Undergrad: 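There's a structure below that I have some questions on.
Heavy atoms only: backbone and side chains are in, while hydrogens, waters and symmetry mates are out. Just so we're clear, the structure is a prediction, and the values are computed from it rather than from any experiment.
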Amino acid sequence: MPATPTAPPPALRPYLTARHELLWDEADAFAEEHIAPRVARMEAAPGRVERKVADLMAARGWFAVTVPAAFGGLGAGHVAKTVLVHRVACMSAAAAAVLQATLIPVGGLLHFATYEQKGRWLPQVADGSLLVSIAVTEPRAGGHIGGIETTAERAGNQWVITGSKVHIGNSHLAGAHLVVARTAEAGVSTSQALTAFMVESDRPGLSVSDHRPGLGLHGFSAGRLDLDHVRVPEDNVVGEIGQGLSVAQSSSILYGRPNLAALSLGIHEAVVATTTARLKARARYRGALSDLPVLRDRIGDMEARLRAGRILAYQSVHLLDQGLPCDADLINAKYLGHQWAMKSTQDAMELHGAHALDRDYVLQRLWRDIQHTYPPAGTGEVQRIRLADAAFDEDHIQWSELLAAEAAWARPDPTAA
């Protein structure tokens with residue numbers, strides 16, 4: 001695959017500090033050295049979970065990029081998180097998916113865990129000894145949080161959890177899962193009926209189904225958890241009883257959506273780079289395909305979408321790092337980031353002609369991978385409904401604003417080098 005630009009484009013300079021640029025360079029160098037040699041193997045063996053890349057990223061502390069230094073993390077914030085996911089995704093969306101999937105439950109712990117719980121779990125995330133997943137989606141309810149059927153019942157000073165979760169990112173790598181379960185009887189409002197629990201992967205009764213490869217993101221696991229009367233102590237409740245909806249929603253909006261915007265952006269950049277390199281190298285009519293006005297018109301559209309998606313992805317997390325209300329911006333970055341990358345990928349498939357259908361050609365992988373940024377953290381329909389709420393001034397909860405004050409201690413220093 002053609003090399004993507006290694007220097008941040010000028011349009012991103014307002015959002016990047018010197019520290020961000022160092023992370024940009026580090027991520028590019030890491031992707032070139034450690035991910036590029038593994039991509040072909042990951043594609044050739046889609047039934048295999050890629051563990052080594054996860055270990056290497058963990059060793060760099062990237063899973064704790066938003067975790068404060070007090071707990072061993074980088075304390076670098078959301079723009080830094082976007083830089084890492086974006087740059088890794090330029091080389092491998094699967095590797096970037098491993099990174100972003102753990103960052104979502106880490107966000108839930110940052111905002112809702114007690115200080116003692118943070119001290120128990122976050123240093124392990126920071127030193128790479130613990131990966132975590134977030135387990136919300138279910139076989140029957142899908143992503144409809146109000147339809148969650150997994151139950152948690154109190155038994156003395158323990159909770160007993162029973163149910164199933166599906167499409168759980170890093171299901172086969174995680175040492176613990178942030179599980180959202182129903183703790184109230186039927187009829188209780190969803191806003192008070194759910195609770196979040198940390199469930200260690202070695203607890204009796206917890207099983208992870210064999211890895212089944214998806215359409216794309218080969219090497220990344222998004223599998224099924226079954227919980228059969230799994231017992232966890234009271235101390236594993238994250239947040240208050242009945243606060244599970246808040247844990248799930250805030251993690252999705254503040255972490256899941258911008259993470260997926262960054263993932264789409266990395267794929268988008270790889271698509272444009274692959275296509276322009278192909279058109280420049282392909283001889284036609286005493287020149288190259290890139291000389292043809294009809295093809296340049298298509299490339300112009302792709303470049304316009306890419307530039308717009310890049311600004312949306314970085315501006316939204318810049319606002320988040322500043323503690324400003326930006327829920328709708330994060331939602332929009334995910335929604336349009338996927339939509340634009342999907343359109344450019346389809347255009348690229350057409351511009352490559354029959355060559356795009358060659359099994360081992362990179363574009364097939366990019367086309368398959370971009371499909372995976374549509375459903376998580378809410379489909380396009382869900383995003384449009386939330387954007388309509390914002391248009392009618394009916395988005396009553398602003399998680400970016402509500403959690404800004406308590407997250408101020410973790411906000412990155414804009415002057416840090």
Undergrad: CG/D329 to OG/S400 distance, rounded to the nearest 0.5 angstrom?
TA: 8.0 Å
Undergrad: With a 3.5 Å distance limit and no angle check, can you tell me whether H20 reaches the backbone of T17 through a side-chain donor-acceptor pair?
TA: yes
Undergrad: Determine yes or no for a side-chain-to-main-chain donor-acceptor pair under 3.5 angstrom, with K280 supplying the side chain and S290 the backbone.
TA: no
Undergrad: Given side chains that start at C-beta, do those of N236 and W159 come closer than 4.5 Å, heavy atoms only?
TA: no
Undergrad: Among residues two or more places apart or on two chains, list those pairs meeting side chain to side chain donor-acceptor pair (under 3.5 Å) that have a residue in residues 381-392.
TA: R257-Q383, Y335-R384, Y374-E381, T379-E381
Undergrad: Can you list every pair that meets salt bridge (charged side-chain N to carboxylate O under 4.0 Å, His left out) and has a residue in residues 348-358, with sequence neighbours left out?
TA: R298-E350
Undergrad: Tell me if the centroids of the rings in F197 and H177 come within less than 6.0 Å of each other.
TA: no
Undergrad: Does R282 have more than 12 heavy atoms from other residues, nucleotides or ligands lying within 6.0 Å of its CZ?
TA: no
Undergrad: I want to check something: taking the side chain as every heavy atom from C-beta on, are L260 and H338 in contact at a cut-off of under 4.5 Å?
TA: no
Undergrad: Less than 4.5 Å apart, side chain to side chain, heavy atoms only: is that true for L351 and I299?
TA: yes
Undergrad: Could you check D347 against R305 for side-chain contact (heavy atoms from CB on, under 4.5 Å), going step by step and ending with a plain yes or no?
TA: CA-CA 12 Å; D347 283 355; R305 289 188 290 265; 2.8 Å; yes
Undergrad: Is the closest basic N to carboxylate O distance between R120 and E116 below 4.0 Å?
TA: no
Undergrad: Answer yes or no: is there a side-chain heavy-atom contact under 4.5 Å between P68 and L110?
TA: yes
Undergrad: Regarding E269 and R87, does a basic nitrogen lie under 4.0 Å from an acidic carboxylate oxygen?
TA: yes
Undergrad: Between T276 (side chain) and A273 (backbone), is there a donor-acceptor pair under 3.5 Å?
TA: yes
Undergrad: Measure the spacing between CD of Q315 and CG of L319 and express it to the nearest 0.5 Å.
TA: 5.5 Å
Undergrad: Among residues at least two apart in sequence or on other chains, which ones pass salt bridge (charged side-chain N to carboxylate O under 4.0 Å, His left out) with K165?
TA: E138
Undergrad: Got a sec: does the CG of D393 have more than 12 other heavy atoms crowding it under 6.0 Å?
TA: no
Undergrad: For a quick test of reading the model, state the closest non-hydrogen atom pair linking R38 to V53 and the distance between them.
TA: CD-CG2, 3.6 Å
Undergrad: Is a side-chain donor or acceptor of R51 paired with a backbone partner of H172 at a separation under 3.5 angstrom?
TA: yes
Undergrad: Within the 4.5 Å heavy-atom criterion, are I134 and V179 side-chain neighbours or not?
TA: no
Undergrad: Which residues pass the side chain to side chain contact (heavy atoms under 4.5 Å, CB included) test with R212, sequence neighbours left out?
TA: none
Undergrad: Is the closest side-chain donor-acceptor distance between S344 and H268 under 3.5 Å?
TA: yes
Undergrad: Does V98 reach the side chain of F63, with side-chain heavy atoms less than 4.5 Å apart?
TA: yes
Undergrad: For S316 and N332, what are the C-alpha separation, side-chain angles and deciding distance, and is it a side-chain contact (heavy atoms from CB on, under 4.5 Å)?
TA: CA-CA 9 Å; S316 61; N332 197 38; over 6 Å; no
Undergrad: Please report the shortest heavy-atom distance between I168 and A135, naming the atom on each side.
TA: CD1-CA, 3.6 Å
Undergrad: Treating K334 as the side-chain partner and P376 as the backbone partner, does any N or O pair qualify as donor plus acceptor under 3.5 Å?
TA: yes
Undergrad: Looking only at side chains, do S133 and N170 share a donor and an acceptor under 3.5 Å apart?
TA: no
Undergrad: Identify the two heavy atoms, one from A36 and one from M91, that lie closest to each other, and give their separation to 0.1 Å.
TA: CB-SD, 3.7 Å
Undergrad: Just by modelled atom types, is the Q100 backbone N or O under 3.5 Å from a matching donor or acceptor in the N259 side chain?
TA: yes
Undergrad: Students often mix this up, so state it plainly: with edges at 30° and 60°, are the rings of W24 and H86 parallel, tilted or perpendicular?
TA: perpendicular
Undergrad: Do the non-hydrogen side-chain atoms of L366 and L363 ever get within less than 4.5 Å of each other?
TA: yes
Undergrad: Go through L109 and Q117 one step at a time and tell me if the side-chain contact (heavy atoms from CB on, under 4.5 Å) criterion holds.
TA: CA-CA 8 Å; L109 294 175; Q117 288 174 326; over 6 Å; no
Undergrad: Do NZ/NE/NH1/NH2 and the carboxylate oxygens of R48 and E50 come within less than 4.0 Å?
TA: yes
Undergrad: Should we say atom NE2 of H167 is surrounded by more than 12 heavy atoms from elsewhere, each under 6.0 Å from it?
TA: no
Undergrad: Going by heavy atoms in the side chains, are F71 and V125 under 4.5 Å from each other?
TA: no
Undergrad: Answer yes or no: is there a donor N or O on one side and an acceptor on the other, between the side chain of T195 and the main chain of T183, under 3.5 Å?
TA: no
Undergrad: Could I get the full list of ring-ring contact (aromatic ring centres under 6.0 Å, His included) partners for H355, not counting sequence neighbours?
TA: Y361
Undergrad: Name the atoms and distances for all side-chain donor-acceptor pairs under 3.5 Å in residues 240-249, with sequence neighbours left out.
TA:
residue: Q243; atom: OE1; partner: E240; partner atom: N; Å: 2.8

